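Let me begin by presenting the structure, written as structure tokens, before commenting on it.
Note on naming: letters A, B, ... go to the chains in the order of the sequence lines (proteins, then strands), and numbering restarts at 1 for each one. All values derive from a computational prediction rather than experimental measurement.
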Amino acid sequence: MPTISYIEGVTAAIREEMKADERVFVLGEDVGVRGGVFRATAGLYEEFGEDRVLDTPLSESAIAGVAIGAAAYGMRPIAEMQFADFILPAVNQIMSEAARLRYRSNGSWSCPIVIRAPYGGGIHGALYHSQSIESIFAGTPGLKIVAPSTPYDVKGLLKAAIRDDDPVLFLEHKRCYRWIKGEVPEEEYTVPLGKADIKVVGTDVTVITYGLMVHYAKEAAEKLKQEGIHVHLLDLRTLIPLDKEAILEAAAKTGKVLIIHEDNKTGGFGGEISAIIAEEGLFELDAPIQRLCGPDVPAMPYNASLEKEFMISPQKIEKAIRELAEF
Amino acid sequence: MAVNISMPQLGESISEGVISKWLKKPGDWVEKYEPICEVETDKVNAEVPSTISGKIMEILVKEGTKIAVGQIICRILTEEDESVVQNDSHESFMINQRPTTSSEAVSMRSRYSPAVTRLAQEHQIDLNQVKGTGKRGRITRKDVLQYLSNQQATATILEQEPVSQLERMPTSGDQEIPLSHVRRAIADRMVKSKKEIPHAWIMMEADVTGLVELRNQEKKSFQEKEGVPLTFMPFFIKAVVDAIKEFPYVNAVWSNDKVVLKKEINISIAVGTEEALYVPVIHDADSFSIRGLAKKVYQLAKKTRSGSLELSETQGGTFTVNNTGSFGSIASKPIINYPQAVILSFESIVKRPVVVDQMIGIRDMINLCLSLDHRILDGVMVGKFLRRVKQTLESFNPQTVI
């Protein structure tokens, strides 16, 4: 199996789906001639031409709106938000239109769009290039949210998202883009939406997370293994629809749960996971459910030391797991 | 102002004690640091000093009552404003060096998680029987599962040998002896050790003819010069300490998921009295000569027999040496001093005919009996260690300078 990077997984998924389905097209800022600021759409403009790889004005509302319109017309658009931080002008389109189209039309219409958005910190991107936005959208029924962590998952899930008949917000962690590499099969495959994945099997503490934090948690787990603490690591992969069974099963496995996300704690997605376990898995619990999250401050600081302080690190994770293991 | 005096933390592993005697009664005046009562714990007897000067207002715990660390035992009225009740801060009196935070003092022993409660109910487990390895003694889900699997393993054996309650009932003429605190502590510790530690046993014999000659030659002048008798014990300890230096892995303790190799060599020595067994500790035993060890052993044995051991002298042991020979034993299977890894018994020195250089000679022979924690150590490793002890013992001779 060839080893590719996370971002190569993204590009490959788009290319394969564009080849397979003429209705699939890409639109966004600098996605065409430039190939995207992160180069996620590199080569697609050359391969599929300007009609299927559209450079748009700097207007996220328009990118989302055009995509929704095209989807209503029968197309399968992939809209790119250059940074997840810039999605806010498009929120009205996404929440009020895309997420509700099927419901509003009593099932006559659907909205098969994928909105790709590079998110997350750790790349020295400061306030406007580091945000995690999942909690803004997680409470919007009708919208699916995906946040993969590995090249295999990102490729398989993006293909599944493009084929899905409903709107999918596809969050790509930009720190993973070139840092994370992994084996991906040459043959065609997809990863189903709504299925979590156990990345490490263990018996002492269950860690539930997604995105970049999967890798940090893995690193912490490796280290703790030498101390005899065995971490059970669940990668959610899809936030909405959420794989409740997998969460409850993973929580029951050890009875001690640590939920990690980079997004800030208050109102963060971890609260939802925690609530599900508390509601349906109380008698499996051997310790209070713990959350390790970004601090409740407005945004990622630019200053390198402060960025480090803001970000969850493998060391912080290790400490949190150890405390739970000792409880 | 009324100040609450609480049971201080007397040592890292001590969670409770019995107030054996009140030294003050209500109305008595106490100075700060003055002892107010005596407490008997499973390790030592200690006095609880007052944290403040004032008049004893109220004694809240009767003599003979078992109390937990942190529990309020009496109230003292100071001469300041009388309307306020304040809690003492006994931290300054902690006999143990390591400061304990107040949260550590609160036991989590009976705080059960939902998972533990459910398991206990499903399997009808008495949680008082389960050992808590979690934070502050909390019983974790794993502890319950471990207990269950142990139960299942022993269930079959128990079924085969039912112990009739009748056999335990006293009949006329029998005498019932209530358990003293110390007896109970010994019982608990022995059971814990035997139940948890997979003991393995090794015996070697050593020819200590040279050592016997050396001691006979030195003992009179030693007693005159040093004022303490020269026994075999310091030689035994010296041989053990030197061997530990060479094979440090025997100087270890078991700690759940890991083995802790101890840097300090603190030798616990078993000292029996008429009613109980104590194991005072020679700290940093590797820093003593045979002469120094002789004095240390003498002091500790004396203090043990007079009941005046200090808490620090009973803590921190990393390896136990047992002189079973002193009462004539020639072989024993010692129980490991939990949580250490090894205990070594030195048996009686007896004259025996043995083959030396193809001839039969009369030699002073001793058996060395060792029990090891087979989780931590294996026979080969310990065999090497014990052989080194044997070699050292055999190398002593009248020319050895002590």
Side-chain angles (χ1 to χ4, degrees), chain A residues 200-208 220-234 244-259 273-292 318-327, chain B residues 12-13 15 98 100-101 103-125 127 130-150 196 249 252-262 339 341 373 375-377:
Chain A
V200 180
V201 177
T203 50
D204 294 314
V205 174
T206 298
V207 172
I208 301 177
E222 273 303 311
K223 191 130 182 262
L224 288 161
K225 203 157 114 186
Q226 292 156 16
E227 296 176 23
I229 297 172
H230 299 279
V231 173
H232 192 70
L233 175 60
L234 186 73
K244 277 193 188 184
E245 284 75 34
I247 290 173
L248 292 169
E249 205 176 294
K253 173 99 179 162
T254 68
K256 294 178 172 183
V257 181
L258 174 68
I259 299 159
I273 304 167
S274 171
I276 287 169
I277 299 169
E279 282 170 351
E280 298 179 38
L282 177 69
F283 291 104
E284 300 293 347
L285 287 178
D286 193 36
I289 303 166
Q290 299 289 311
R291 285 180 291 164
L292 181 65
E318 191 189 314
K319 186 167 170 275
I321 294 174
R322 190 180 294 113
E323 276 171 16
L324 206 45
E326 285 166 359
F327 181 79
Chain B
E12 56 193 2
S13 61
S15 56
R98 192 172 64 105
T100 320
T101 60
S103 67
E104 264 183 288
V106 184
S107 169
M108 291 271 284
R109 185 72 179 72
S110 43
R111 284 287 179 88
Y112 305 136
S113 70
V116 167
T117 323
R118 181 177 59 81
L119 283 170
Q121 196 187 14
E122 279 174 10
H123 301 276
Q124 297 179 334
I125 298 169
L127 287 171
V130 182
K131 179 174 167 258
T133 63
K135 204 170 173 187
R136 285 180 256 144
R138 193 182 75 91
I139 296 171
T140 66
R141 191 176 79 157
K142 276 194 148 186
D143 293 335
V144 180
L145 294 173
Q146 179 67 45
Y147 176 83
L148 267 177
S149 65
N150 289 350
E196 195 178 307
Y249 45 72
V253 294
W254 179 260
S255 173
N256 292 327
D257 289 334
K258 54 181 179 275
V259 171
V260 181
L261 276 189
K262 303 300 280 185
D373 183 339
R375 295 174 301 185
I376 305 179
L377 298 161

Hey, what donor-acceptor pairs show up under 3.5 Å between chain A and chain B?
{"from": "Asp204(A)", "atom 1": "OD1", "to": "Lys142(B)", "atom 2": "NZ", "distance (Å)": "2.2"}
{"from": "Ala252(A)", "atom 1": "O", "to": "Arg141(B)", "atom 2": "NH1", "distance (Å)": "2.7"}
{"from": "Ala252(A)", "atom 1": "O", "to": "Arg141(B)", "atom 2": "NH2", "distance (Å)": "2.9"}
{"from": "Lys253(A)", "atom 1": "O", "to": "Arg141(B)", "atom 2": "NH2", "distance (Å)": "2.7"}
{"from": "Thr254(A)", "atom 1": "O", "to": "Arg141(B)", "atom 2": "NH2", "distance (Å)": "3.3"}
{"from": "Phe283(A)", "atom 1": "O", "to": "Arg118(B)", "atom 2": "NE", "distance (Å)": "2.8"}
{"from": "Glu284(A)", "atom 1": "OE1", "to": "Arg118(B)", "atom 2": "NH2", "distance (Å)": "3.0"}
{"from": "Leu285(A)", "atom 1": "O", "to": "Ser113(B)", "atom 2": "OG", "distance (Å)": "3.4"}
{"from": "Leu285(A)", "atom 1": "O", "to": "Ala115(B)", "atom 2": "N", "distance (Å)": "2.8"}
{"from": "Asp286(A)", "atom 1": "O", "to": "Arg138(B)", "atom 2": "NH1", "distance (Å)": "2.9"}
{"from": "Asp286(A)", "atom 1": "O", "to": "Arg138(B)", "atom 2": "NH2", "distance (Å)": "2.9"}
{"from": "Asp286(A)", "atom 1": "OD1", "to": "Ser113(B)", "atom 2": "OG", "distance (Å)": "2.5"}
{"from": "Asp286(A)", "atom 1": "OD1", "to": "Arg138(B)", "atom 2": "NH1", "distance (Å)": "3.3"}
{"from": "Asp286(A)", "atom 1": "OD1", "to": "Arg141(B)", "atom 2": "N", "distance (Å)": "3.1"}
{"from": "Asp286(A)", "atom 1": "OD2", "to": "Arg138(B)", "atom 2": "NH2", "distance (Å)": "3.3"}
{"from": "Asp286(A)", "atom 1": "OD2", "to": "Arg141(B)", "atom 2": "N", "distance (Å)": "2.7"}
{"from": "Glu326(A)", "atom 1": "O", "to": "Lys135(B)", "atom 2": "N", "distance (Å)": "3.0"}
{"from": "Phe327(A)", "atom 1": "O", "to": "Arg138(B)", "atom 2": "NH2", "distance (Å)": "3.2"}

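- Under the side-chain contact (heavy atoms from CB on, under 4.5 Å) criterion, Ala221(A) pairs with Val231(A), not counting sequence neighbours.
- Counting non-hydrogen atoms of neighbouring residues, nucleotides and ligands closer than 6.0 angstrom, the CZ atom of Phe327(A) exceeds 12 such neighbours.
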